[in-house]
Protein chains: 2
Amino acid sequence: MVSIKDVAKHAGVAISTVSKVLNDYPNVSEETKRKVNQAVQELNFVPNSVAAALSSKQSGRVALLLGLNTKTQAIDEIVMQYISGAINKAMEMGLDVITFFFSMFENKNVEEITRYLKAQSIHGIIIYGMSKEDKVLQKLINMQEFKAVLVDAPLYNPSTSTVWVNQEQAQYDVAKKTIVENKCKKVLYIAGKKNGYVTEERLKGIKRLAQDMDLDLMIKHGEFSELQARNIAFRFAKNKDVVVCASDLMAIGAMRALMEMDIFRPVCGFDGITLMGYAGKQMNTIRQNFAGVSSAAVEELHYLMNGGEGREKVLGYTIERMKYMDIIC
Amino acid sequence: MVSIKDVAKHAGVAISTVSKVLNDYPNVSEETKRKVNQAVQELNFVPNSVAAALSSKQSGRVALLLGLNTKTQAIDEIVMQYISGAINKAMEMGLDVITFFFSMFENKNVEEITRYLKAQSIHGIIIYGMSKEDKVLQKLINMQEFKAVLVDAPLYNPSTSTVWVNQEQAQYDVAKKTIVENKCKKVLYIAGKKNGYVTEERLKGIKRLAQDMDLDLMIKHGEFSELQARNIAFRFAKNKDVVVCASDLMAIGAMRALMEMDIFRPVCGFDGITLMGYAGKQMNTIRQNFAGVSSAAVEELHYLMNGGEGREKVLGYTIERMKYMDIIC
DNA sequence: CTGTTAGCGCCTTCAT
DNA sequence: ATGAAGGCGCTAACAG
């Protein structure tokens with residue numbers, strides 16, 4: 001294995017000099033820079049990131065913490081987009097990423113998690129799918145022992161940033177579109193998981209809309225479950241004239257109930273998952289670019305790890321009308 | 001950060017002794033073991049895996065290479081199960097895992113990939129979804145620079161193992177069940193991707209069945225695409241009396257075509273994905289335990305990294321009858 | 001059975 | 001602007 005030592009010898013300079021040009025330190029003449037880079041080329045040198053991590057206290061090792069339910073295929077799609085978006089971007093930026101699931105830390109306290117992460121020389125973390133109930137993670141954030149980026153959770157401090165789309169506005173927009181198109185008044189809103197950050201933001205959105213349009217709004221919690229949404233629709237959709245759901249999966253559940261009851265109500269979803277193609281009905285939904293969000297999160301983490309201050313980053317979204325797929329009906 | 005040095009001091013022994021008990025070396029008295037372990041407890045010591053990786057040439061850093069199409073939600077489910085199965089098991093066994101996608105290595109040659117992996121102190125890799133066309137990866141395997149486990153690809157050598165379910169037999173069994181139940185004779189078989197290892201094994205299975213039962217067998221390649229399977233079914237299903245598909249997704253495509261043509265033919269799938277619940281019809285399929293396969297792969301890699309010889313591991317599967325879900329029809 | 005010592009590959013003061 | 005030297009935390013001979 002070719003090491004920095006070989007490069008140094010080959011270029012006729014000291015090891016430390018090589019290290020300096022590798023890490024873009026100042027005070028290196030253009031001439032030596034050139035020599036070193038050439039040696040790197042010729043020897044096909046690839047710096048050993050493990051050694052770098054051990055030596056420096058500010059390495060590029062990053063953890064992905066995934067706290068998303070891996071039970072539903074709809075969500076798998078989202079998680080995969082998060083993962084691949086992050087990993088691709090991280091690789092591009094020369095960061096090492098290690099992936100974890102919340103379940104691994106289930107019975108551990110903050111100190112244990114911190115120790116574990118530190119033992120891995122991890123200096124930055126990206127957290128997906130954190131809810132208000134994840135007290136341990138919140139402590140982790142508050143301790144600021146790591147640079148962190150939260151995806152879809154509105155918490156930030158000097159060493160923590162938040163990256164998310166404006167859920168409130170998105171819910172407002174997609175629901176409004178559906179309601180205006182169909183001239184509705186009585187709304188059944190099937191919300192997500194109680195104590196979920198995203199759920200609450202979306203709730204705010206629909207509430208604001210109800211206010212603005214003077215709607216009759218009924219709110220039920222479907223916990224992001226297709227089945228629960230289905231049951232809710234069974235019980236309450238009949239004397240409403242539109243069903244607004246906080247996720248596509250719940251929208252599917254609601255639609256099924258409506259079909260079984262043999263009544264028509266416009267439904268709108270949220271997420272823009274591929275699975276919607278299987279829903280069998282036309283509906284509006286919010287398309288989020290999950291890979292893009294994840295990629296932005298990595299950039300944000302990089303920014304933090306280089307001395308940036310925690311902040312909030314809001315990304316865009318688009319409203320999409322799913323095509324009518326009556327093939328399966 | 002508490003290091004091995006602190007533990008040594010606290011326990012009143014040498015650093016190397018601590019290292020020995022940590023790594024289960026022989027020749028350590030029970031007494032000192034006890035002392036060291038106690039010190040570890042009291043100090044909440046967590047060994048730094050990065051330092052270990054740097055120091056030893058046989059560390060526990062492992063790479064997951066994912067070569068699966070991440071475009072279809074059905075496959076996301078499978079990939080997620082692979083990933084979480086592997087990561088969970090790896091954590092349990094004290095291995096560090098780094099996740100990669102084939103796409104990252106697209107325009108790299110074997111040497112570059114090898115260098116990159118080595119620079120990461122990676123000594124073992126698990127490869128998912130490799131096909132016959134992935135020449136570079138095959139070279140990587142043949143060079144035996146890394147201990148490797150291939151999932152669903154029948155290649156092995158002294159430092160490479162294969163873990164997979166018996167695809168040939170599974171295809172045979174599920175097709176037979178469907179055919180016997182419905183007393184069929186003329187079979188339309190929609191195969192997967194050309195040059196895919198799994199595809200070929202399944203093909204062998206259906207061919208053997210055709211032989212054994214004296215069936216009239218037509219084979220078409222659907223490339224694991226729902227749309228292509230749909231088109232194939234449109235063209236050829238009419239004068240067959242059963243459609244056997246090499247994946248659930250294709251089975252859905254075929255079923256849609258049948259419905260649109262308003263004819264009934266029994267269909268059988270392969271994989272056991274959750275999405276089948278949305279298919280709208282009853283069908284037989286093969287349920288594979290992807291997380292289990294992945295977990296087994298990690299164990300196998302561990303075995304290899306500890307001096308084991310490459311071998312083939314065949315896992316089980318079950319035939320499953322998807323429930324009738326006419327809700328959406 | 002235990003301790004001493006020399007690295008692993010790189011980063012980072014501190015002199016020069 | 002450059003180089004020498006001392007670690008980072010751990011492993012692995014080698015003595016004792």
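Just so we're on the same page: letters track the sequence lines, and every chain starts at 1. These values consider heavy atoms only, across backbone and side chains, with no hydrogens, waters or symmetry-generated copies.
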Please enumerate all residues that pass side-chain hydrogen bond (donor to acceptor under 3.5 Å, both in side chains) together with A/Thr162, with sequence neighbours excluded.
none
I'd like to compare against my own output: the B/S/- annotation of nucleotides 7-16 of chain D with a strict under-4.0 Å heavy-atom distance to protein.
BBBBBB----
Expected output: side-chain B/Arg61 to main-chain B/Gln120 donor-acceptor under 3.5 Å:
yes
If I take atom CZ in residue A/Arg34 and atom C1' in nucleotide D/dA1, what distance separates them, rounded to the nearest angstrom?
16 Å
Report yes if the side chains of A/Val40 and A/Leu22 come closer than 4.5 Å at any heavy-atom pair, otherwise no.
yes
Parallel, tilted or perpendicular for B/Tyr82 and B/Tyr128, by the 30°/60° rule?
tilted
Rounded to whole angstrom units, what separation is found between the NZ atom of A/Lys35 and the C1' atom of D/dT2?
10 Å
In whole angstrom, give the distance that lies between atom CG of B/Asn27 and atom P of C/dC1.
5 Å
Among A/Glu309, A/Lys313, A/Glu300, which residue satisfies the side-chain hydrogen bond (donor to acceptor under 3.5 Å, both in side chains) criterion with A/Ser161?
A/Glu300
Could you go through A/Val314 and A/Val165, starting from their C-alpha distance and side-chain angles, then the distance that decides it, and tell me whether this counts as side-chain contact (heavy atoms from CB on, under 4.5 Å)?
CA-CA 5 Å; A/Val314 179; A/Val165 310; 5.8 Å; no
Report the distance from atom CG of A/Asp6 to atom P of C/dC10, rounded to the nearest whole Å.
9 Å
Reckon A/Ser121 touches a base, only the sugar-phosphate, or nothing at all at heavy-atom distances under 4.0 Å?
nothing
